[in-house]
Amino acid sequence: PKSCIPGKYDVIFKPLAFANLLSLIGEASSTFSVESGLSFLKNKMNKQIASKEVTFLDNPTAPNGIGSIKFDAEGHPTQKTTLIEKGKFKTYLHNTSTALKYKTKTTGNAGIIAPRPFNLILKKSNWKTEDMIKEIKKGVIITNMWYTRFKNYATGEFSTIPRDGIFLIEKGRIKNPIRGIRISDSLPNILKNVYAISNNPYQIISWETSTPTTTPDVLVKGVNITKPIE
């Protein structure tokens with residue numbers, strides 16, 4: 001693996017990597033997170049927060065979903081809840097108490113303490129990963145990430161460490177593996193710059209992705225790549 005020059009790159013996130021970020025977006029959709037100042041989604045109802053490529057939902061009723069469940073912690077039936085539809089934020093996750101406070105209906109997302117997502121799904125598209133690679137003049141493929149931590153919860157600023165396989169793309173072709181990089185960006189920027197979503201979703205649960213999340217490969221334009229301080 002070779003070193004990489006810091007800067008803006010188009011990034012193809014493989015499912016293990018992008019599920020990490022999607023699970024954080026799911027957590028930020030909880031009314032508890034919003035009220036606690038731990039969400040970048042405050043005051044975002046019905047606003048365009050992502051590119052029109054993005055439709056993202058919590059579906060505890062999905063067949064064979066790792067997080068699928070018939071009832072939430074209050075015994076209320078679960079349901080499919082669209083969080084983002086074609087880039088527009090549609091709803092926060094509620095239990096009966098938060099729904100009463102905001103004069104709405106519970107979404108069936110009660111956890112033991114607070115509303116939470118159960119089984120997150122990013123809607124697939126028609127792109128093939130090889131065609132996404134051909135679209136990129138200067139970019140990176142990231143297969144996995146860990147130690148994703150927020151610098152500012154309210155703005156969604158975070159940093160994370162790519163791991164396992166990281167590959168440089170130049171002029172539509174994979175050139176060589178790279179090492180020693182970080183992603184230092186924000187969740188709003190990631191969402192707004194989603195350019196393409198592939199047709200090959202995988203269901204992920206991992207150390208960094210505690211909420212089961214299904215996602216295809218995702219191409220995001222202009223991601224900020226940095227290097228750790230040596």
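Side chains included, hydrogens not; waters and symmetry mates left out as well; all remaining heavy atoms used. For the single chain, residues carry numbers from 1 onward in sequence order. No experiment lies behind these values; they were computed from the predicted model shown.
In this structure the side chain of L83 never reaches within 4.5 angstrom of the side chain of L57, judged on heavy atoms. Put simply, the side chain of K90 reaches to within 4.5 Å of the side chain of N46, judged on heavy atoms. Looking at heavy atoms from C-beta onward, E208 lies in side-chain contact with W146 at the 4.5 angstrom threshold. Two residues are said to be in side-chain contact when any heavy atoms from C-beta on lie closer than 4.5 Å; L219 and I136 meet this criterion. Contact of the I169 side chain with the I133 side chain is registered, since non-hydrogen atoms from C-beta on lie closer than 4.5 Å. Looking only at side-chain heavy atoms (C-beta outward), M45 and Y92 come within less than 4.5 Å of each other. Put simply, the side chain of R116 does not reach to within 4.5 Å of the side chain of L93, judged on heavy atoms. Side-chain contact between P162 and I183: present, with at least one pair of heavy atoms (C-beta onward) separated by less than 4.5 Å.
In K221, the NZ atom is crowded: over 12 heavy atoms of neighbouring residues, nucleotides or ligands sit closer than 6.0 Å. Residue F89 places its CZ atom among more than 12 non-hydrogen atoms of other residues, nucleotides or ligands, all under 6.0 Å distant. The 12-atom threshold is exceeded at CZ of F150, counting heavy atoms of other residues, nucleotides or ligands nearer than 6.0 Å. In K138, the NZ atom is crowded: over 12 heavy atoms of neighbouring residues, nucleotides or ligands sit closer than 6.0 Å. At most 12 non-hydrogen atoms from other residues, nucleotides or ligands lie less than 6.0 angstrom from CD1 of I5.
When the side chains of ILVMFWY residues are joined at heavy-atom separations under 4.5 Å, either directly or via intervening members, V220 and M132 end up in two distinct hydrophobic clusters. V11 is connected to I181 through a chain of hydrophobic side-chain contacts under 4.5 Å among Ile, Leu, Val, Met, Phe, Trp and Tyr, so both are in one cluster. Note on I197 and V223: same hydrophobic cluster, where clusters join Ile, Leu, Val, Met, Phe, Trp and Tyr whose side-chain heavy atoms are under 4.5 Å apart, directly or indirectly. Neither I121 nor I84 shares a network with the other; the hydrophobic side chains, linked directly or stepwise wherever heavy atoms of I, L, V, M, F, W or Y lie under 4.5 Å apart, form separate groups for each. Hydrophobic clustering (side-chain heavy atoms under 4.5 Å, transitive across Ile, Leu, Val, Met, Phe, Trp, Tyr) keeps Y195 apart from L22.
Residue D185 holds its CG atom at 11.5 Å from OG1 of T160, rounded to the nearest 0.5 Å. Atom CZ in R149 sits 8.5 Å away from atom CD1 in I161 (nearest 0.5 Å). The CG atom of N176 lies 7.5 Å from the CD1 atom of I178; values are rounded to the nearest 0.5 Å. Here the straight-line distance linking atom CD1 of I25 with atom CG of L41 works out to 8.0 Å at 0.5 Å rounding. Atom CG of L168 and atom NZ of K2 lie 9.0 Å apart (nearest 0.5 Å). Separation of atoms CG (L120) and CD1 (I66) is listed at 12.0 Å; rounding is to 0.5 Å.
In plain terms, the two heavy atoms of F56 and G26 that are nearest each other are CE2-N, 4.1 Å. Shortest non-hydrogen contact noted between P177 and F167 is CA-CD2, 3.9 Å. Of all heavy-atom pairs between K80 and N59, the closest is CB-OD1, 3.5 Å. For I204 against A19, the heavy-atom pair with the smallest separation is CB-CB, 3.7 Å. Residues I49 and L191 share a closest heavy-atom pair of O-CB, 3.5 Å. Taking each heavy atom of P212 and G67 in turn, the nearest pair found is CG-N, 3.6 Å.
Judged purely by distance below 3.5 Å, without hydrogens or angles, the side chains of T81 and T107 never pair a donor atom with an acceptor atom.
Annotation: side-chain hydrogen bond (donor to acceptor under 3.5 Å, both in side chains) contacts involving residues 21-43, sequence neighbours excluded, comprise T31-H94, E35-K101, E35-Y102. Listed by first and then second residue, the side-chain hydrogen bond (donor to acceptor under 3.5 Å, both in side chains) pairs involving residues 117-134 are T129-D217 (not counting sequence neighbours).
The backbone N or O of I69 lies less than 3.5 Å from a partner atom in the side chain of T78, making a donor-acceptor pair. Although no hydrogens or angles enter the test, the distance criterion places a donor-acceptor pair under 3.5 Å between the side chain of Q48 and the main chain of K86. A side-chain donor-acceptor contact under 3.5 Å links D10 to the backbone of G222. At distances below 3.5 Å, at least one donor-acceptor pair connects side-chain atoms of D58 with backbone N or O atoms of F118. Between the E74 side chain and the N95 main chain, no donor and acceptor come within less than 3.5 Å of each other. In this structure, the side chain of S68 engages the main chain of A62 through a donor-acceptor pair within 3.5 Å.
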I would like to know whether F158 and L24 meet side-chain contact (heavy atoms from CB on, under 4.5 Å); could you show each step before the answer? CA-CA 11 Å; F158 71 93; L24 296 175; 5.8 Å; no
Verdict with supporting geometry, N224 and K8, side-chain contact (heavy atoms from CB on, under 4.5 Å): CA-CA 5 Å; N224 191 43; K8 299 284 187 179; 3.9 Å; yes
Please determine whether side-chain contact (heavy atoms from CB on, under 4.5 Å) holds for the pair L21 and T148, giving the CA-CA distance in whole Å, both sets of side-chain angles, and the decisive distance to 0.1 Å. CA-CA 8 Å; L21 301 181; T148 305; 4.3 Å; yes
Go through it in stages, so that I can follow the logic: the residues are F13 and M145, the test is side-chain contact (heavy atoms from CB on, under 4.5 Å), and I'd like the CA-CA distance, side-chain angles, deciding distance and then a yes or no. CA-CA 10 Å; F13 291 93; M145 304 185 306; 3.9 Å; yes
